[in-house]
J.: 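Dropping the structure in here first, questions after.
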Amino acid sequence: MSKATVTKKELEAMGFRPNQAKKILHDARQVMVQRGKTFWANPRLEVAPRAIIEEAILGFPLNEGDEDVKD
């Protein structure tokens, strides 16, 4: 079972560069704000919903083998 959110460190572990990971999270949070979820407007929040990243930002599912990523 995959987690509902994705962190910047998890995206970096999947092969995204640090700035790419930050931009992906920012864009996903902006989608959530546009949908009326103002909780996601916090710029210091370093997580974003996995479903939004997969659906609206990347367009493909993230790897399921990312459970071993340590904080």
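All values below were derived from every heavy atom in this structure, side-chain atoms included, with hydrogens, water molecules and symmetry-related copies excluded.
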J.: Name the atoms and distances for all side-chain donor-acceptor pairs under 3.5 Å in residues 32-44, with sequence neighbours left out.
T.:
unit_1 : atom_1 : unit_2 : atom_2 : d
R35    : NH2    : E55    : OE2    : 3.3
N42    : OD1    : R44    : N      : 2.9

J.: Could you check V47, I53, I52, L45 and say which one makes a side chain to side chain contact (heavy atoms under 4.5 Å, CB included) with R29?
T.: L45

J.: Is the shortest distance from a Lys or Arg side-chain nitrogen in E10 or K3 to a carboxylate oxygen in the other one below 4.0 Å?
T.: yes

J.: Rounded to the nearest 0.5 Å, how far apart are CD of E46 and CG of L11?
T.: 11.0 Å

J.: Is the number of heavy atoms from other residues, nucleotides or ligands within 6.0 Å of NZ (K8) greater than 12?
T.: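 Atom NZ in K8 is crowded, with more than 12 foreign heavy atoms closer than 6.0 Å.
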
J.: Once rounded to the nearest 0.5 Å, what's the spacing between atom CE of M14 and atom NZ of K9?
T.: 14.0 Å

J.: Is the backbone of D27 close enough, under 3.5 Å, to the side chain of Q30 for a donor and an acceptor to pair up by distance?
T.: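 Side chain of Q30 to backbone of D27, a donor-acceptor pair under 3.5 Å: no, none is there.
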
J.: If every non-hydrogen atom of E12 is compared with every non-hydrogen atom of A21, which pair is closest and at what distance?
T.: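 Heavy-atom minimum between the residues: CG-CB, 4.1 Å.
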
